[in-house]
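For ligands, and for the atoms within them, numbers begin at 1 and follow the listed sequence.
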Amino acid sequence: MTTQVKPDYLFDTKKLHSLSNWSIISERLKKHGNLIARPLKKDDFAHGYLDLLKELTVVGEISKDQFEKRFNEMKEINRINDHYLVVVIEDQSTEKVVGASTLYLELKFIHNCSTRARLEDVAVLKSYRGKKIGEIVVSVIVSLANEIYKCYKISLDCSDDLKKFYAKNNFEYSCNMLTIRFD
Ligand code: 16G
């Protein structure tokens, strides 16, 4: 008899399963094959999560130990209060991570001690584009922010070429973002 090792998820899967649009999301993903949405797992280093992020920006040469250390740091913070919710789309036929996004939750005093949500690190593997995976993963993050964490707003920054995509997904251009880069 083989013993199944329990997956080490970054956050509780029940948070996803309790979303009002969870069954719609799951059905939409199934239409494109064996795709599922789930939290990031500690062994996703081996399933291509960082390769996926390389399609978004500079990732660097991160070792498995570095990946697991960062994962543990995020999970430790989540133990007190959820702040880092990385949702991935897995193709179960290859066990590869083909899409992902992160919900970052920022605690505030304003708006009656409310929480601001940030949509971060949205990426879909080039070979999986055109299947609405980006739209689906964004809708998961927006629903988590709204329904589960009762955030007062969710915002993002993106390059000019993606403004249309986010506008189609209900984001309104509302203010300027100014940056000082340290890299
Ligand atoms: C995009 C991402 C942001 C990511 C950044 C990386 C979304 C909505 N926005 O702006 O989350 O951190 O790209 O680019 O996914 P950078 O390496 O130039 O900061």
_With a heavy-atom distance limit of 4.0 Å, tell me whether Asp157 approaches ligand 1 through its side chain, its backbone, both, or neither._
both

*Quick one: does ligand 1 sit under 4.0 Å from the side chain of Arg118, the backbone, both or neither, non-hydrogen atoms only?*
neither

Which of the numbered atoms in ligand 1 are under 4.0 angstrom from any heavy atom belonging to [X]?
X      : result
Tyr166 : 8 (C)
Leu119 : 8 (C)
Arg181 : 16 (P), 17 (O), 18 (O), 19 (O)

*State plainly whether the residues Lys31 and Glu27 are in salt-bridge range, i.e. N to O under 4.0 Å.*
no

*Would you say the side chains of Asp161 and Ser159 form a donor-acceptor pair under 3.5 Å?*
yes

_Option from Arg28, Lys168, Arg129 for which salt bridge (charged side-chain N to carboxylate O under 4.0 Å, His left out) with Glu135 holds_ =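 The passing option is Arg28.
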
*Just say parallel, tilted or perpendicular for the rings of His17 and Trp22, cut-offs at 30° and 60°.*
tilted

*Could you tell me whether ligand 1 has any atom less than 4.0 Å away from a heavy atom of Val58?*
no

*For residues Leu144 and Lys15, report the shortest heavy-atom separation together with the two atoms involved.*
CD2-O, 3.8 Å

_Joint cluster assignment, Phe171 & Tyr152, ILVMFWY side-chain distance < 4.5 Å_ = no

*Distance flag for atom 5 (C) of ligand 1, protein heavy atom under 4.0 Å*: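 No, because not a single protein heavy atom sits under 4.0 Å from atom 5 (C) of ligand 1.
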
